[in-house]
Amino acid sequence: AMAASLTETNAFAFQSAQQTLNRAKATSIQMSSGDGDSSSLRIMVNGMPGPMATAAAEACLRKGLSLSPIAMTGPDIEPSTITVSDDVTGNSAEVRLIPASDEGREDIVSSL
């Protein structure tokens, strides 16, 4: 009885997650700016070179979005510049990684 209950709970959770995903796919996101030009919009993806953040940055490039030329990384990561590339579209971008610290925060603010 307990195993059946867990299976039903897991099936419900999966179904709920699938419905949420389907709604998200059906939703169109539109952005607007005062001048109607979104070409200046840049996405800052923090947490690179971690695999999840890098995958998110690659997905942005795949969708035609521009990445911010700077991003924050972990405090133990050395400052560096990386190239993020999307293998599907061939789009790529250089991103300067700045460690999360008070000094790093000042670097980011001064470069924006």
Side-chain angles (χ1 to χ4, degrees):
M2 179 131 174
S5 176
L6 286 175
T7 302
E8 289 170 8
T9 300
N10 289 340
F12 176 77
F14 178 77
Q15 183 180 21
S16 295
Q18 197 66 28
Q19 288 171 347
T20 300
L21 181 61
N22 289 339
R23 279 194 299 270
K25 285 181 182 177
T27 302
S28 172
I29 298 175
Q30 295 182 350
M31 296 182 195
S32 65
S33 61
D35 60 5
D37 179 22
S38 63
S39 65
S40 62
L41 177 69
R42 297 191 182 269
I43 308 300
M44 181 184 282
V45 181
N46 298 317
M48 290 187 284
M52 185 69 95
T54 302
E58 291 167 356
C60 288
L61 292 174
R62 190 171 310 117
K63 294 296 184 180
L65 299 171
S66 298
L67 295 180
S68 169
I70 57 169
M72 292 190 82
T73 189
D76 299 329
I77 305 293
E78 288 294 317
S80 62
T81 299
I82 63 169
T83 300
V84 179
S85 300
D86 173 47
D87 294 336
V88 175
T89 62
N91 293 337
S92 65
E94 299 285 315
V95 180
R96 184 173 146 228
L97 301 180
I98 300 174
S101 66
D102 288 339
E103 184 179 311
R105 186 174 31 241
E106 290 172 15
D107 282 351
I108 287 179
V109 169
S110 68
S111 66
L112 295 177

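All values reported here derive from a predicted model rather than from experimental measurement.
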Can you tell me how far apart [atom1] ([X]) and [atom2] ([Y]) are? Round to the nearest 0.5 Å.
X     : Y     : atom1 : atom2 : value
Ile70 : Ile98 : CD1   : CD1   : 5.0 Å
Leu67 : Met44 : CG    : CE    : 10.5 Å
Asn91 : Cys60 : CG    : SG    : 11.5 Å

Identify, with sequence neighbours excluded, every residue that meets side-chain contact (heavy atoms from CB on, under 4.5 Å) alongside Pro49.
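Result, side-chain contact (heavy atoms from CB on, under 4.5 Å) vs Pro49: Thr73, Ile77, Leu97.
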Can you name the nearest heavy-atom pair linking Gly47 to Ala53, along with the distance?
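Reported closest heavy-atom pair: C-CB, 3.4 Å.
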Do you know the tightest heavy-atom contact between Ser101 and Met72?
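Looking at all heavy atoms of both residues, the shortest contact is N-CE, 4.2 Å.
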Mind jotting down which residue pairs meet the side chain to side chain donor-acceptor pair (under 3.5 Å) criterion with at least one end in residues 75-85? Sequence neighbours excluded, please.
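For residues 75-85, and leaving out neighbouring residues, the side chain to side chain donor-acceptor pair (under 3.5 Å) pairs sorted by first residue read Thr83-Glu94.
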Strictly by side chain to side chain donor-acceptor pair (under 3.5 Å), give each pair with a member in residues 47-63 just once, sequence neighbours left out.
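Output for this query lists Arg62-Asp86.
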Against Leu61, only a single residue in Val45, Val88, Val84 fulfils side-chain contact (heavy atoms from CB on, under 4.5 Å); can you say which?
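Of all the options given, the one that passes is Val84.
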